[in-house]
Amino acid sequence: MPVLQSRGGQEWLVSQVPLALVDGSAATLLVQQNVTASVQQERLAFWLLVVAAGVTSLFTNGLLRLVLQRGLVQPLQEFTNHLSATQPSPLAWDQIPVAEQPEELQPVALAFNDLQQRLSVPWERQRSFVDGVAHELRTPGLEATAPAGGPAHGQPREQPARSGPH
């Protein structure tokens, strides 16, 4: 089996193989080759590959950051800003413009608009109820304006006496 050996700053590939000679004696075939230039070239190629991989990784990271920023972060930020600016009253003019959203966010915008539409009916009922209660509180009924000496609440009022023939 070949072995790489360092001798005096040089790289040598050494291989020893036992041989059986024709006369029956044993010998060893020793092959040595100076491979310093090949090893240095291989190390240089390795380091160039490491540097190229690092530069490629940095370049890919920069491109990926740009793609993620423009394709994901900015649309999500704009979508979030639009949601934040949406008023509690689900009016038609306050809907999220679905066509303006990226394809990935369109289902979310549709679901949000649908939810707003479903909430609009109870919202309007609540608003109508609150308006009615506020009106009643501003314009009290007749019982509340009766004089202090008048009939008690729930008792029939006396009919005024009529003068003249019945």
Side-chain angles (χ1 to χ4, degrees), residues 1-6 9-13 15 33-160:
M1 169 163 267
V3 177
L4 185 63
Q5 296 177 350
S6 295
Q10 294 182 339
E11 303 293 328
W12 289 85
L13 188 60
S15 179
Q33 181 180 0
N34 186 348
V35 291
T36 304
S38 295
V39 169
Q40 288 175 346
Q41 187 178 11
E42 189 176 310
R43 286 182 183 148
L44 178 63
F46 170 77
W47 286 112
L48 285 175
L49 184 61
V50 167
V51 168
V55 168
T56 302
S57 176
L58 289 173
F59 181 71
T60 303
N61 184 26
L63 285 178
L64 187 58
R65 181 180 296 247
L66 182 65
V67 167
L68 287 176
Q69 181 68 26
R70 288 188 180 165
L72 183 64
V73 175
Q74 282 179 346
L76 281 176
Q77 187 62 44
E78 290 170 7
F79 190 69
T80 301
N81 292 342
H82 196 84
L83 286 178
S84 297
T86 302
Q87 297 298 318
S89 173
L91 302 173
W93 57 267
D94 209 17
Q95 299 273 313
I96 295 175
V98 176
E100 294 176 15
Q101 302 305 318
E103 185 178 343
E104 296 84 7
L105 294 178
Q106 287 181 358
V108 176
L110 280 171
F112 185 81
N113 288 345
D114 182 54
L115 177 64
Q116 257 190 325
Q117 287 296 331
R118 287 181 292 170
L119 290 175
S120 68
V121 173
W123 175 265
E124 288 302 319
R125 275 193 222 138
Q126 178 186 7
R127 202 165 110 198
S128 175
F129 175 77
V130 169
D131 288 347
V133 168
H135 176 72
E136 289 299 322
L137 289 174
R138 283 191 303 267
T139 55
L142 292 177
E143 285 94 17
T145 58
H153 183 67
Q155 294 180 351
R157 295 182 182 212
E158 295 179 18
Q159 295 294 326

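Bear in mind that the values here come from a model prediction, so they are computed numbers and not experimental data.
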Do side-chain atoms of Thr56 reach the backbone of Ala52 as a donor and acceptor pair under 3.5 angstrom? yes
So how far is it from Gln33 CD to Leu4 CG, rounded to the nearest 0.5 Å? 11.0 Å
Which heavy atom of Gln106 sits nearest a heavy atom of Ala99, and at what distance? NE2-O, 3.9 Å
Any chance the side chains of Asn113 and Gln117 put a donor and an acceptor closer than 3.5 Å? no
In Å and rounded to the nearest 0.5 Å, what is the CD to CZ distance from Glu100 to Phe79? 12.0 Å
Would you check if Arg125 and Phe129 make a side-chain contact, meaning some heavy-atom pair closer than 4.5 Å? no
Drop me the distance from Leu105's CG to Leu110's CG, to the nearest 0.5 angstrom. 11.0 Å
Which heavy atom of Pro75 sits nearest to which heavy atom of Arg70, and what is that distance? CD-O, 3.3 Å
CG-CG distance between Leu76 and Asn81, expressed to the nearest 0.5 angstrom: 11.0 Å
Here the pair of heavy atoms bringing Gly9 nearest to Thr36 is O-CG2, 4.3 Å
Verify the distance criterion only: is there a donor paired with an acceptor across the side chains of Glu11 and Ser6 at less than 3.5 Å? yes
Scanning both residues in full, the closest heavy-atom pair of Leu13 with Pro2 reads CD1-CB, 3.8 Å
Which distance, rounded to the nearest 0.5 Å, do you find between the CG of Leu48 and the CZ of Arg43? 14.5 Å
Quick check: are there more than 12 heavy atoms from other residues, nucleotides or ligands sitting under 6.0 Å from CD of Gln69? yes
A quick test of your reading: do over 12 heavy atoms of other residues, nucleotides or ligands sit less than 6.0 Å from CD of Gln41? no
Nearest 0.5 Å, what's the CD-CD distance between Gln5 and Gln10? 12.5 Å
